Amino acid sequence: MGNETNGGPRDPGGDRVKEQGDVAGGIEIRAVGEDEVEEWDRALAVGFLRSRVERATEFRRRQWEPGRMIGAFDDGRIVATFRSFDAELTVPGGAVVKADAITAVTVTATHRRRGLLRRMMTGDLAAARERGAAVAILIAAEYNIYGRYGFGPATRGHGWNIDLLRAGGLRAGLPTVPGGRIDLVSMEELRKTGPELFDRWRVTQPGVIDRDELTWQRHTGAIEVPGFDWKEPFAVVHRDAGGTPTGLAVYKVDDTWDGSYPNCTLTVLDFFALDRPTATALWRYLCSVDWVRKVVVDNVGPDDPLPMLLNEPRAATPHADNADFMWLRVLDVEAAFNARTYGAPGRVVLDVEDRDGYAAGRWAIEVAADGTGRAVRTTDEADLALDASALGALYLAGETLPRLAVAGLVTELRPGAVAAADLLLRTPLLSWNIDGF
C-alpha cells in the first residue's frame with residue numbers, strides 16, 4: 001500500500017500526535033477510535049481510488065490497535081490515512097529485529113501538498129523509536145516519496161514466466177528427499193500447517209516478516225476482504241519420510257482451452273521450503289500439473305535457481321514485476337547493525353546524513369572473523385559518506401555498495417573503501433520479502 005511521513009528525534013512532540021492530536025492549518029492529525037474505523041476505511045478507499053464496494057470495514061476493525069491507526073481530520077472529515085503495526089523482520093544471519101511496518105498511507109486528492117504525510121510519518125517514526133523499533137519498513141506505491149523520509153529500497157520483487165513446452169520439465173538427477181511426499185490439503189488444513197512451517201522458514205530468509213493469524217485467515221478465505229477478489233486456490237504440502245512438513249505451495253489454475261487443446265496457466269501464489277531438495281520436489285510438481293502449459297511465479301527470491309533446474313533454462317523469462325518492493329529506514333543504528341551477520345571481517349566508517357536525526361553521525365561497522373559485528377559511534381575519519389536512504393538500502397544487503405557508488409548515492413572518501421565494505425556487507429542469500437503489507 002502507499003505511504004507518507006514526518007520527523008524523528010528532532011520532534012519531541014511525536015507521541016503527542018498519537019495521543020492528543022496535532023492541529024495545524026485547521027487539520028487535526030490524531031489516532032482513530034475504534035468507533036471511527038468505518039469512516040477511516042471509507043477515506044482509505046477514496047485515497048486509493050477504489051470504489052465503495054471495495055471497502056473492508058470489518059477486516060479493518062480487526063486490524064485496529066490503540067494509537068496505530070491515524071487519520072487527518074478536516075472539519076470532522078478524514079482526508080488522510082496512516083497505519084502501522086509491529087513486525088519481526090529477519091536480518092542476515094537469521095536473527096529478527098523489531099520493525100515498524102507502515103501501510104494504508106493515503107492523502108485525498110483535495111488535500112495534497114499540505115504536509116499531511118510528513119506530519120503523520122514524523123509522529124509514527126518518533127513513537128516507533130520509543131517503542132524500541134530498530135527499523136521502519138513499507139511498500140512504496142510511488143518511488144519518489146519515501147526517500148525524503150530516510151527510506152531506501154531494501155528488497156526487490158522477482159518472478160518468472162515458464163513456458164512448459166519449451167522447458168521440458170526439470171532436469172533428472174536433482175537432489176530429492178528420500179521417502180518424501182506431496183499432499184494436496186484443504187484451506188482448513190493449511191491454516192493449521194502453514195503458520196508453524198512459515199515460522200520455521202522465515203528465519204532462514206533475510207527480508208521476510210512474520211505473519212499473524214489474520215493474514216493466514218485472509219490467505220485461506222476464513223475472513224472475507226472486499227476488494228481482494230479471493231477465490232479458493234489449490235495448496236500442497238511437502239512432508240519428509242517422517243511426515244514432518246518441509247515446504248508448501250499455493251497456486252491457482254486458469255481453465256483456458258485452445259479449441260480442444262488445453263492451454264491453462266498455473267500461477268504460484270505462495271511458495272517456501274526449508275531446504276533445496278524440498279523446493280525442487282515442489283517445483284517438479286508445479287511444472288507437471290495436467291493441462292498446464294505456462295507457470296507464472298509472481299514472487300520468488302531474486303537468487304532462486306529455478307530456471308537452472310529446467311532442462312531449458314531459457315524457457316523461464318522474467319516476470320514484469322521485477323522491481324523495488326520493500327523499503328527500509330534505520331531508526332536505531334546499533335540495534336539494527338548489531339543484530340545481523342556479515343560476509344567478511346573488517347572495519348568501515350560511515351558518515352551518515354540524516355535530517356531527522358535517527359542515523360545521523362559517524363559510525364564504525366566492526367566485523368569479527370566469525371561474521372558477527374557491531375556498530376559504534378566514532379570520531380575516526382570516514383571511509384564512505386551516504387544518507388539515511390542509502391543506509392536503508394544497504395542494511396539487508398539487497399543493494400550493493402558499488403552500484404550505489406556508481407549511481408552517486410554513496411561517496412568513497414578512502415580509495416578502495418567501496419570494494420572492501422561491499423565484501424563486509426555481503427550475504428549468502430539476497431534479501432527478499434514474500435509478503436506485501
Side-chain angles (χ1 to χ4, degrees), residues 159-165 167-172 174-202 204-205 208 211-225 228-257 261-301 304-306 309-310 316 319 434-435:
W160 297 101
N161 297 320
I162 303 174
D163 183 333
L164 294 183
L165 295 181
L170 269 65
R171 294 178 9 244
L174 293 170
T176 60
V177 180
R181 72 177 193 271
I182 292 176
D183 300 317
L184 277 162
V185 298
S186 67
M187 293 296 99
E188 182 180 1
E189 292 174 294
L190 184 59
R191 281 194 295 275
K192 295 177 181 178
T193 303
E196 189 273 338
L197 178 57
F198 183 83
D199 282 341
R200 292 167 60 201
W201 170 77
R202 68 181 172 95
T204 70
Q205 176 60 60
V208 171
R211 291 179 177 176
D212 61 12
E213 181 182 1
L214 190 59
T215 298
W216 282 104
Q217 290 176 342
R218 188 183 72 183
H219 284 183
T220 58
I223 180 172
E224 183 178 352
V225 185
F228 287 89
D229 193 28
W230 186 87
K231 296 180 180 178
E232 183 169 332
F234 298 94
V236 291
V237 172
H238 182 278
R239 306 178 195 274
D240 64 18
T244 301
T246 57
L248 68 78
V250 180
Y251 62 95
K252 65 179 181 179
V253 178
D254 297 331
D255 187 10
T256 304
W257 290 68
Y261 185 78
N263 190 30
C264 300
T265 295
L266 183 153
T267 300
V268 179
L269 305 174
D270 205 5
F271 184 103
F272 52 89
L274 297 180
D275 53 68
R276 288 311 316 169
T278 293
T280 298
L282 286 168
W283 287 128
R284 193 180 297 279
Y285 168 84
L286 293 169
C287 291
S288 62
V289 175
D290 289 341
W291 296 354
V292 173
R293 296 296 176 262
K294 179 181 179 181
V295 171
V296 175
V297 186
D298 280 333
N299 191 14
V300 71
D304 191 288
L306 173 58
L309 305 181
L310 305 173
H319 194 55
I434 193 173
D435 290 321

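No experiment lies behind these values; they were computed from the predicted model shown. All residue numbers refer to positions in the sequence shown, counting from 1. Just the heavy atoms: all of them, side chains too, but no hydrogens, waters or symmetry mates, feed the values below.
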Quick one: which residue pairs count as a salt bridge (charged side-chain N to carboxylate O under 4.0 Å, His left out) with a foot in residues 272-285, not counting sequence neighbours?
-> Arg276-Asp304
Would you check, one step at a time, whether the test side-chain contact (heavy atoms from CB on, under 4.5 Å) holds for Asn161 with Asp163?
-> CA-CA 7 Å; Asn161 297 320; Asp163 183 333; over 6 Å; no
Is there side-chain contact between Val297 and Phe271, with at least one heavy-atom pair below 4.5 Å?
-> no
Sequence neighbours excluded, the answer for salt bridge (charged side-chain N to carboxylate O under 4.0 Å, His left out) partners of Asp270 is Arg211
Which pair of non-hydrogen atoms, one from Val236 and one from Ile182, has the smallest distance, and what is that distance?
-> CB-CG2, 3.7 Å
Give a yes or no on whether Phe234 atom CZ has more than 12 heavy-atom contacts from other residues, nucleotides or ligands under 6.0 Å away.
-> no
For the pair Leu174 and Trp283, evaluate side-chain contact (heavy atoms from CB on, under 4.5 Å) and give the outcome as yes or no after the intermediate values.
-> CA-CA 11 Å; Leu174 293 170; Trp283 287 128; over 6 Å; no
Between the side chain of Thr193 and the main-chain N/O of Leu190, is any donor-acceptor distance below 3.5 Å?
-> no
Give the minimum heavy-atom separation between Ala273 and Ala279, together with the two atoms involved.
-> CB-N, 3.6 Å
What are the two closest non-hydrogen atoms of Trp160 and Val300, and how far apart are they?
-> CD1-CG1, 3.9 Å
Nearest 0.5 Å please: distance from the SG atom of Cys287 over to the CG atom of Leu309.
-> 9.0 Å
Just do the side-chain contact (heavy atoms from CB on, under 4.5 Å) check on Thr176 and Thr280 with the steps written out, would you?
-> CA-CA 7 Å; Thr176 60; Thr280 298; over 6 Å; no
Does NZ or CZ of Arg202 come closer than 6.0 Å to the centre of the six-membered ring of Phe272, within 45° of the ring's axis?
-> no
Rounded to the nearest 0.5 Å, what's the gap from CG on Leu274 to CG on Leu197? Could you check?
-> 5.5 Å
Please check if the side chain of Arg218 supplies one atom and the backbone of Trp230 the other of a donor-acceptor pair under 3.5 Å.
-> no
Between the CG atom in Leu286 and the OG1 atom in Thr267, the distance rounded to the nearest 0.5 Å is 11.0 Å
dist Thr215:OG1 -> Phe198:CZ (nearest 0.5 Å) comes out at 9.0 Å
From CA spacing to verdict: side-chain contact (heavy atoms from CB on, under 4.5 Å), Trp291, Trp257 = CA-CA 9 Å; Trp291 296 354; Trp257 290 68; 3.7 Å; yes
Looking only at heavy atoms, what is the nearest atom pair of Leu266 and Val289, with distance?
-> CD1-CG2, 3.8 Å
Within the distance-only criterion (no hydrogens, no angle test), does the side chain of Thr220 pair as donor or acceptor with the backbone N or O of Trp216 below 3.5 angstrom?
-> yes
Single hit among Val253, Asn263, Ile162 for side-chain contact (heavy atoms from CB on, under 4.5 Å) with Val292 = Val253
For residues Tyr251 and Val268, report the shortest heavy-atom separation together with the two atoms involved.
-> CB-CA, 4.2 Å
Residue pair Met187 / Ala235: nearest heavy atoms and the distance that separates them | CE-CB, 3.9 Å
Within a radius of less than 6.0 Å around CD of Glu189, do more than 12 heavy atoms belonging to other residues, nucleotides or ligands occur?
-> yes
Spatial distance of atom CG (Asp183) from atom NE2 (His238) [nearest 0.5 Å] = 9.5 Å
